[in-house]
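Counting starts at 1 for both ligands and their atoms, in listed order.
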Amino acid sequence: MKSFRQELQQGLDERKKNALLRKRRTLFSPQGTQIILDGEPVISFCSNDYLGMADHPDVIQAFHKGLEKFGAGSGASHLVSGHLVPHQVLEEELAAFTGRSKALVFSSGYMANVGVLTTLLGKADAVFEDRLNHASLLDGGLFSGASFKRYAHVDIKALENKLSNAPESDRKLIVSDGVFSMDGDIAPLPELVQVAKEKDSLLMIDDAHGFGVLGKKGGGSVAHWQEAGVDITEDNLQILVGTFGKAFGVSGAFVAGSEELIETLIQFCRPYIYTTAIPPAMAEAIRCGLGLIQKDQWRRDYLSQMISRFRRHCEDLGLSLVPSQTPIQAVLIGNVETTLEASEQLMEQGLFVSAIRPPTVPIGTARLRVTFSAMHTEEQFIKLLDAFERCAHNWQKDL
Ligand SMILES: *Cc1c(COP(=O)(O)O)cnc(C)c1O
């Protein structure tokens, strides 16, 4: 009989055989564009710190001051005694920022998504998810026990069909990323809002990669579409999720919506209730990030410029890019081994660009995922373009 350890080893060997074994690399420096990775200096194009907040002096100072004023930890969950003034004020600022009645702070985006979905949905309900939704949304939908349907990526016709053909259910909920985390494309909110209305469904958007990056004051996908004249409110997009680990540069998440939604989560959402509140000092750092995000339009403008220059360069090189106006730029390669080689070739030139493989993305769509930060210098950016020019011919054999 196999021992427990042998059984586990078999699973690991299987993964390795398929070139899917993942490795963690250790940063010896703060997160940023110039980092020390496993002891080596490299230029990083693979953090989600799009605006450069993770290492921003003001954010760090706010954290420090928060520590002095409020101590290291919150000491309890929100409902016991861990809800401090910084949490409360942050929630009020987030409600104003998103234009919603209320907001609720969670310890992570994963917990927010699983929490919302399992609180609002049960066996008698149905959830409809974009095929490329973040894993936390898919998991939440599955954990809820609701009838679970995935529709083809941003395919509104396919969504309509699934909604029309679904068995009778109490509550219907359409769930989508606002900006898709592996492709970088923006979800068609006007159509999603319309379909939800027509089919008497609720709508939930997880805008982890939209907040800070899209919209005039970094208001995210909703602001992006509102600025284009689309009417989006908490009555036609009832559940809005954001995270603090991406453009905010810190960690944690929030849900924004009506008073009734937020009160329901406070009363019934187990991943909200049964966990320690984030450190109050962290809430202070997030508040500082929130201010900078709204104020520093130049960060978004600079990102836009880099994105269009990068896309033009890749098109000139004949590379296959996923359509995206956001700092997430996916260069499709296809084959897993070639994608890993591509990432290694870039690493040899001091550039850290991650290879994204199944199961994170669909089979046959392994890709390099380049993410830009407002802190990338012109020199760092040109190094990336030059390296692509030197190597791109090696990457195209599989598509
Ligand atoms: C990163 C991410 C999450 C998870 O957020 P964490 O705070 O890192 O747990 C959820 N949804 C999307 C779309 C994300 O990109």
- Other hydrophobic cluster members with I363, side-chain heavy atoms of Ile/Leu/Val/Met/Phe/Trp/Tyr under 4.5 Å, chained? none
- Any donor-acceptor pair under 3.5 Å linking the side chain of N236 with the backbone of D231? yes
- Task: Check for a donor-acceptor pair, side chain of H224 on one end and backbone N or O of G215 on the other, with a separation under 3.5 Å.
- Result: no
- Message: Determine whether a donor-acceptor pair (N or O, by modelled atom type, separation under 3.5 Å) exists between the side chain of R369 and the backbone of S181.
- Response: yes
- Query: Near ligand 1, which protein residues have a heavy atom under 4.0 Å away?
  - Reply: S108, G109, Y110, N113, H134, S136, D177, S181, D206, A208, H209, T243, K246, G252
- Pairs meeting criterion side-chain hydrogen bond (donor to acceptor under 3.5 Å, both in side chains) with involvement of residues 115-130, two or more places apart: E129-N133, D130-H153
- Task: Just jot down the salt bridge (Lys or Arg N to Asp or Glu O under 4.0 Å) partners of E378, sequence neighbours excluded, or say none.
- Result: R309
